[in-house]
Amino acid sequence: MKATFVRHGQSTANAGNPSNDLASIELTELGWQQANAVAKAWEENPTLIITSPFLRTQQTAAPTIVRFPDVPVEVWPIEEFTYLQPSRWNGTLSSARAAYVEGFWSTADPTYCDGEGAESFATLLRRAEATLDRLSALSPDALAYIFSHGQFIQAVRTVINDNGFDDKGKMERFWQKGAPPAISNAQGVSFIFKSSIWNEHEKRQD
């Protein structure tokens, strides 16, 4: 089967605006343009469309759902990685969080949880693994379009490509200070499940 993950379009948080509820962050005008472009660009009809519970992914998926009205749509627990306690950090700017973000990743403790509403890196990996297990149980000829979030998609990629590392090793390789996001807004990343093995699908460049 083939699973194509798409990061949501630009959100108000991506544009630098503070947010008070991570689940209800909306797309910007550019984000909606990106969502429409994604819908127009699909070359194959999917057998399943999946979104996270968060509004920005559901908005990004909406034009694709309109294009393929007969395809079933499911909501899976593939929401973004929340590693700072929301009650302490909601409504703040990224500049205020920067030192704490760097501390979280530089410590590289995959079992650390920052508090209520946050999750550990190890828990993120388990969610990614569970998602791949669920996808691998679909029909061999299934094609799923999956609307999710940058760090969750990167966690899926890490599970597949860095399977020789333990959780700490995966965490140490996951985030680099000053590096741009590994997956851009509205970018798609595809994985193929064949002969009981997942591999990242490299798109040919003509």
Side-chain angles (χ1 to χ4, degrees), residues 3-19 22-23 25 27-28 30-31 34 38 52 54 56-57 60 77-86 88-115 117-132 146-192 197-203 205:
T4 296
F5 286 78
V6 178
R7 184 186 175 194
H8 60 80
Q10 185 194 62
S11 69
T12 55
N14 297 146
N17 298 319
S19 57
L22 297 177
I25 295 171
L27 294 183
T28 63
L30 173 58
Q34 291 170 331
V38 166
S52 91
F54 284 10
R56 56 194 181 275
T57 58
T60 305
I78 54 173
E79 64 273 13
E80 185 57 298
F81 181 34
T82 301
Y83 55 88
L84 296 183
Q85 185 177 353
R88 284 195 295 151
W89 297 107
N90 280 358
T92 63
L93 296 173
S94 58
S95 57
R97 302 189 298 271
Y100 295 88
V101 169
E102 183 178 348
F104 175 85
W105 290 108
S106 62
T107 302
D109 178 359
T111 66
Y112 172 75
C113 179
D114 195 49
E119 66 178 336
S120 69
F121 185 77
T123 303
L124 169 68
L125 293 179
R126 302 294 89 78
R127 283 201 291 125
E129 291 165 356
T131 298
L132 290 171
I146 305 163
F147 293 84
S148 186
H149 305 258
Q151 289 187 316
F152 184 83
I153 300 170
Q154 183 63 6
V156 171
R157 176 186 267 164
T158 295
V159 168
I160 292 172
N161 294 342
D162 294 341
N163 58 9
F165 295 85
D166 61 11
D167 287 357
K168 184 175 180 64
K170 289 183 176 75
M171 189 172 185
E172 289 171 339
R173 295 164 62 85
F174 193 87
W175 183 88
Q176 300 296 323
K177 182 180 179 181
I183 299 165
S184 303
N185 289 120
Q187 179 181 344
V189 181
S190 295
F191 304 96
I192 302 289
I197 297 174
W198 282 102
N199 284 292
E200 185 167 354
H201 177 64
E202 300 291 342
K203 191 170 184 179
Q205 298 294 325

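Source: prediction; values computed, not measured.
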How long is the straight-line distance from [atom2] of [Y] back to [atom1] of [X], given to the nearest 0.5 Å?
X	Y	atom1	atom2	value
Ser19	Ile25	OG	CD1	3.5 Å
Thr158	Leu125	OG1	CG	7.0 Å
Arg127	Glu79	CZ	CD	4.0 Å
Asn14	Thr28	CG	OG1	8.0 Å
Gln85	Asn90	CD	CG	10.0 Å
Ser106	Met171	OG	CE	9.0 Å

Nearest heavy-atom neighbours spanning [X] and [Y]:
X	Y	answer
Asn185	Gln34	CB-OE1, 3.8 Å
Thr57	Ser148	CG2-O, 3.2 Å
Asp167	Phe121	O-CE2, 3.8 Å
Trp89	Arg97	CE3-CG, 3.6 Å
Pro181	Arg7	CB-NH1, 4.1 Å
Pro110	Ala108	CD-O, 3.3 Å

Any [X] side-chain heavy atom under 4.5 Å of [Y] side chain:
X	Y	result
His8	Phe147	no
Arg88	Asp114	yes
Val101	Trp175	yes
Phe165	Glu172	no

Whether Phe104 and Tyr112 hold their rings parallel, tilted or perpendicular, with breakpoints at 30° and 60°: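 Taking Tyr112 first and then Phe104, their aromatic rings sit tilted (interplane angle of 30° to 60°).
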Parallel, tilted or perpendicular, as decided by the 30° and 60° cut-offs, for the rings of Phe5 and Phe152: tilted
For Glu80, all residues meeting salt bridge (Lys or Arg N to Asp or Glu O under 4.0 Å), sequence neighbours excluded: none
Strictly distance-based, threshold 3.5 Å: is any side-chain N or O of [X] a donor or acceptor partner for the main-chain N or O of [Y]?
X	Y	value
Ser120	Thr123	yes
Thr107	Asp109	no
Asn199	Ile192	no

Qualifying residues under side-chain hydrogen bond (donor to acceptor under 3.5 Å, both in side chains), relative to Arg157, sequence neighbours excluded: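 Applying side-chain hydrogen bond (donor to acceptor under 3.5 Å, both in side chains) to Arg157 gives Gln154, Glu200.
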Verdict with supporting geometry, Val159 and Trp198, side chain to side chain contact (heavy atoms under 4.5 Å, CB included): CA-CA 9 Å; Val159 168; Trp198 282 102; over 6 Å; no
Stepwise side chain to side chain contact (heavy atoms under 4.5 Å, CB included) check, Phe81 with Glu119: CA-CA 7 Å; Phe81 181 34; Glu119 66 178 336; 3.5 Å; yes
